[in-house]
Amino acid sequence: MTTAIPVQSGSVEAGVAAPGLVRAQRGGFGRFLVRRVLQALAVILVVSVIVFALLHALPGGPARGVLGQQATPEQIAAFEAANGLDQPVVLQYLSFLGRSLTGDLGESYLLNQSVADAIGMRLPKTLLLTGLSLVVAVIVAVPVGVYQAVRRNRAVDYWFSTLAIVAYSTPTFFLGMLLILLLSQNAGLFPAAAPQGNGIAEVLSQPAGLVLPVLTGAVPIVATFSRYMRSSTLDNLGEDYVRTARAKGTAYRDVVVRHVLRNSLTPVVAMLGYYLPVMFGGALVVEQLFNYPGMGLLFWSAAQSSDFPVLLGCVLVISVATVVGSLLADVIQALLDPRTRGGLR
Amino acid sequence: MSALPASGPGQEAPADDVVLRIRDLNVTFTTGSGEVPAVRGIDLEVRRGRVVALVGESGSGKSVTSLSVLGLLPSTARVTGSVELDDGGRLRGVVATPEDQLVDLRGRVASMVFQEPMTALNPTMTLGDQIAEAVLNHERIPRVVARERAVELLRSVGIPDPERRARQYPHELSGGQRQRVVVAIALACEPRLIVADEPTTALDVTVQAEILDLLRELVAERGTALLLVTHNMGVVADIADEVAVMSGGRIVEHGLVEQVLLDPAHEYTRALLDAVPAAPPASAGVAGAVSDGGALSASDRVAVADPADDREIVLDLRGVSLDYRVQGRHVRAVDGLDLTVRAGEMLGLVGESGSGKSTAGRACLGLLTPSAGEVLLLGTSIARARGRARRRLLADVGVVFQDPGGSLDPRKLVGESIAEPLAIHGRDGRRLSGAERQARVRELLDAVRLPAGAERRYPHEFSGGQRQRIGLARALALRPRLLVADEPTSALDVSVQAEVLQVLRDLHEELGFGCLFISHDLGVVHELTDRVAVLRSGRLVESGPTAEVFSAPRELYTAELLASVPTPDPAAQRERREARLRLVSVGAEAPGAAR
Amino acid sequence: MTGLRRFATNRLAVVGAVALAILVLFAVLGPLVHPTEQVATDLGAANLPPGVDGHPLGTDALGYDNLGRLMVAGRVSLLVGVLAGALATVVGTLWGAVAGYVGGVVDAVMMRVVDAGIAIPAIFLLLVLSTIVRPTVGMMIVVLGLVSWLVPARLIRAEALSVRTRDYVVAARAMGATHSRTVLSHVIPNTVGTVVVNATFQVADAILLVAYISFLGMGVQPPTTDWGAMLNDGINYIYQGAWWLILPPGLAIVIVVCALNFVGDGLRDVVDVKGRTA
């Protein structure tokens with residue numbers, strides 16, 4: 001959604017950046033993997049520090065955060081002693097880290113449920129929604145981007161590019177509202193309320209309700225990735241190997257499908273990793289708008305009611321998911337490229 | 001244009017003999033700033049089994065012509081005239097021909113070999129598949145059969161172990177081998193014509209010689225015609241039967257190779273040939289001691305620093321080793337290098353790509369710190385000097401880089417760039433006033449033969465050769481005692497190169513600085529330098545007075561390197577080639593030697 | 001001069017610049033032409049359709065004139081967007097330039113911090129922060145700026161790394177130029193274009209983020225409002241067909257963000273050209 005704009009406009013136009021791959025090429029796959037995993041662990045560590053710092057930045061500290069604004073100083077002191085909050089900060093951090101690693105994220109004080117359970121119930125549904133949006137988006141964005149690159153600087157290219165800018169300049173919630181107005185209220189095609197229920201199966205049993213949320217989530221991804229794809233394909237169309245392929249009598253269409261497409265997709269896969277936080281941010285808004293019972297909605301309700309354990313638990317889980325996602329994207333990208341894959345042998 | 005028997009324009013030739021006929025070809029590019037003509041009305045014929053070279057400098061239109069043969073020009077090109085290819089006795093036009101018909105012609109009737117083997121192949125497709133694709137484009141045969149054919153083709157272009165190679169990817173091969181694969185793709189459907197656009201320009205000289213041998217064999221064996229686009233007159237002499245010289249989009253001279261190269265009729269051709277640095281002698285020293293190609297022994301080092309020479313030593317490398325760190329691993333780029341440069345002399349540092357010569361050059365500038373040994377500038381170790389002392393030391397060193405586009409800050413006026421050393425160091429220990437600086441800049445521009453007023457313009461307004469001269473002016477602003485020139489003319493056309501080298505030579509004579517001249521071009525080094533050091537895989541192979549080393553090399557590697565440089569005289573080149581082949585066979589018998 | 005002309009050849013960029021100018025004038029000077037009451041509510045005149053009682057765009061649920069509200073909301077959106085974008089650019093540029101130029105361990109540590117920041121989705125972080133600190137306009141600027149400096153930091157680092165290896169920088173170092181001289185005279189002048197172009201996108205980014213936070217009900221508090229908050233208020237009436245509460249603020253956001261992106265693209269055309277005259 002929002003942070004996509006500078007990434008997209010700034011770095012991609014100068015050639016899709018694939019820093020992971022460049023590094024991988026020099027040292028072989030094994031080294032690349034070890035290095036990349038260590039990097040991800042370092043990032044998760046920094047994330048945990050940030051979350052821990054947020055916990056302590058709460059007005060009155062974590063105690064007041066949990067006990068509420070009405071708590072008396074005596075109650076707070078008792079709570080702090082009980083939870084080790086009177087110990088040195090470093091020890092507190094280590095114990096926070098230890099608890100997080102064992103999946104103990106604390107108790108929600110509104111849901112009567114542990115944070116881990118609350119998230120565990122909703123995360124799969126968010127992943128489902130995000131995954132569906134992503135699949136729809138990729139199916140649209142890849143051909144559009146390739147087509148634009150092949151027809152570069154023609155009218156159709158300009159129109160698609162302009163449309164893409166308009167699409168990602170449109171806030172997701174505004175887009176959702178427009179879709180509700182048009183497709184639900186006026187045309188009556190799809191319900192405006194998302195499927196409810198506890199499990200994925202229940203959600204999937206109401207496919208009509210999924211249409212608008214998935215569509216709303218997919219549009220900004222299409223806008224971003226059609227541009228990535230266009231620029232990556234353009235880079236590859238300018239490569240010498242395209243000329244070699246044409247010179248041996250391969251039809252242009254086959255050159256694009258057999259040679260260019262695969263090479264253009266590889267860096268875009270890595271961009272997918274960088275784009276994950278934006279997609280999770282988008283899911284939050286979509287879930288709130290359509291009342292979809294995922295982690296975004298849980299987070300939003302927690303923000304409304306200052307349910308801090310849930311808020312911070314969600315931040316931690318979503319960030320770790322992002323880091324792991326980018327790691328996977330980089331590894332897949334490295335595996336797709338024979339230059340890096342070679343190091344495995 | 002000189003007459004060429006039965007091949008010049010206007011003379012009808014038997015149709016079964018001509019594989020390519022170009023008539024009144026004009027190519028114009030539409031750009032943002034209007035129409036730019038690239039080719040203006042050329043006529044050319046290529047016959048079966050003949051090698052026709054199309055030579056010229058950058059912008060002459062030779063590459064555009066080669067692309068138009070296969071209809072591969074970009075859509076911004078407007079083409080008139082006719083280009084016809086022989087398709088089994090029938091001439092088929094290429095100009096204004098629908099794409100599906102061109103696809104049918106490409107690869108089957110005529111195919112192409114490109115300049116840059118490192119990028120010409122798809123990095124994510126196996127070599128076998130890339131060759132098989134060429135076959136499958138034109139023949140309805142099972143994929144398995146096409147794969148077998150690919151293996152055969154790899155074998156025929158001299159790739160060892162072709163079955164295994166066919167399953168590999170381009171990055172697993174060296175540049176020379178990749179170029180062989182590109183040639184295999186071009187051969188896949190046995191076309192009548194191969195168009196080769198600078199096929200050896202990106203390669204080291206020894207590899208260039210091998211690829212030229214391969215092309216010569218293929219043409220002789222299969223009767224394929226070859227249209228060879230090149231800027232290198234030595235390559236022309238080595239392989240071509242006929243030459244067409246292009247300039248400004250026109251063919252200014254066309255004839256048999258001996259005639260054009262030895263007795264050029266057009267003054268442009270003459271100027272071009274004059275600008276080519278004379279190739280070093282090839283065969284004379286082969287008989288000399290052929291050693292095992294190891295590093296220099298202690299007694300050889302005498303040649304590095306002649307004790308009889310009492311001029312001041314401005315640069316002294318003592319056992320310098322340099323490492324690159326790649327993912328935590330150390331890779332040795334330069335290994336125990338000893339070099340000296342005395343005031344007023346020019347030392348050529350030659351070697352092929354990856355020999356470590358540029359790395360050594362950077363260490364001389366204090367940009368890299370040796371992992372062993374010492375770099376002494378004017379007797380002081382650059383690695384140990386700090387702060388002001390270091391800066392004072394560097395004030396006595398100038399540097400010129402290879403890339404004329406990258407070595408000047410695009411956002412600074414030329415005057416500012418030239419004055420940069422003055423701004424950093426001042427002169428004679430004091431800061432210069434604006435007026436003094438301007439005066440010095442004008443002096444320097446004059447010294448490198450650029451017009452006054454150039455200082456108020458930006459680098460992009462100048463040509464490559466002019467930019468290199470600006471770089472030279474900047475390097476000499478403080479009258480340094482040492483100049484490090486890293487391939488300063490490698491990106492330039494020969495005529496421009498000759499100009500820049502002349503300026504360098506004149507200034508060297510006038511100012512008397514010591515110069516470390518790093519180059520892969522043995523001709524240039526032969527012409528320019530007093531002494532030479534040959535580097536291979538980071539080790540010094542041999543060094544000594546240039547004339548001596550080049551006429552009587554003591555190492556097989558040096559001898560082969562020298563013999564690989566082609567000379568623009570067909571008869572002499574034939575001898576060089578034979579000398580080289582003899583050396584290669586000697587090398588093959590002595591394991592651990594040259595190759 | 002040439003730069004301006006090059007910008008003018010990008011028609012969308014010109015359209016964007018004009019649209020931006022109009023929107024800024026609308027928000028800043030609009031209330032002088034069309035003065036309205038935006039503090040005290042008037043529940044008697046709530047939810048009027050456009051054109052009734054001298055309300056060209058109708059009124060909202062609290063009886064505020066919708067056109068006037070659009071103007072004052074625009075002031076907040078634009079102000080927060082521009083200042084937060086500027087803050088993010090300054091912080092990000094310094095961070096990225098230092099990491100890129102110093103390199104080594106310092107670079108690795110600085111970039112892991114950036115990676116961690118980027119891994120936490122901005123909206124999540126902003127919602128947590130707005131439950132901790134009371135969201136005033138000034139607070140929004142600081143918080144948004146501190147959340148969105150990460151992307152420019154990455155970009156400028158890459159740029160600094162690439163400029164650092166150019167031959168003219170290497171030549172300057174070989175001439176004995178000090179680090180500060182190299183940075184001031186070569187690295188900064190050659191990255192400033194990227195910074196300026198990115199700043200444009202950064203502002204667009206910030207305007208969108210403000211809208212998201214306000215839409216989620218965690219933005220500036222009434223009676224202060226911005227375009228996102230107007231949409232949040234209006235969504236409750238979407239099924240009653242009160243389109244005038246939705247479309248104007250929504251379109252305002254789309255137009256201003258589009259315009260900034262078009263202008264950014266145009267600026268890039270100007271900056272990217274290596275060879276340019278003075």
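All chains are named by letter (A, B, ...) in the order of the sequence lines, taking the proteins before the strands, and each is independently numbered beginning at 1. All of these numbers come straight from a predicted model, not from anything done at the bench.
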inquiry  = Is a donor from one side chain sitting under 3.5 angstrom from an acceptor on the other, for A:Y93 and A:S48?
reply    =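 Checked: A:Y93/A:S48 side chains pair up, N/O donor to acceptor below 3.5 Å.
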message = Can you give me the closest heavy-atom contact between C:G81 and C:A206, atom names plus distance?
response =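 That would be O-CB, 3.6 Å.
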ask   = Looking only at heavy atoms, what is the nearest atom pair of A:E287 and A:L297, with distance?
value =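 In terms of heavy atoms, the two residues are closest at OE1-N, 2.9 Å.
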At a 4.5 Å cut-off on heavy atoms, which part of [X] comes close to chain C: side chain, backbone, both, or neither?
| X | result |
| --- | --- |
| A:L289 | side chain |
| A:L312 | side chain |
| A:I180 | side chain |
| A:L178 | side chain |
| A:A303 | both |
| A:L54 | both |

inquiry  = Can you tell me which of A:I165, A:L311, A:V166, A:V315 forms the most heavy-atom pairs within a distance under 4.5 Å of chain C?
reply    =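 Most heavy-atom pairs under 4.5 Å with chain C: A:I165.
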query = Where on C:L231 is there a heavy atom nearer than 4.5 Å to chain A: the side chain, the backbone, both, or neither?
reply =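 Both parts, backbone and side chain.
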key: Engaged part of C:L247 at the chain A interface, taking heavy atoms whose separation is under 4.5 Å   =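 For C:L247, backbone and side chain are both near chain A.
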query = If you count heavy-atom pairs under 4.5 Å with chain A, which of C:L127, C:L150, C:L216 comes out on top?
reply =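 Highest number of heavy-atom pairs under 4.5 Å: C:L216.
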request  = Classify the ring geometry between C:F124 and A:F299 as parallel (under 30°), tilted (30 to 60°) or perpendicular (over 60°).
outcome  =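 Tilted: the ring planes of C:F124 and A:F299 meet at 30° to 60°.
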Pairwise side-chain contact, C:D115 with A:V323, heavy-atom cut-off 4.5 Å (strictly under) =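 In short, these two side chains do not touch, never coming nearer than 4.5 Å.
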Identify all side-chain donor-acceptor contacts of residues 277-285 of chain A below 3.5 Å with residues at least two apart in sequence or on another chain.
none

task = Check the pair C:R166, C:S162 against side-chain hydrogen bond (donor to acceptor under 3.5 Å, both in side chains), reporting the backbone distance first and the verdict last.
result = CA-CA 7 Å; C:R166 305 257 165 88; C:S162 114; 2.9 Å; yes
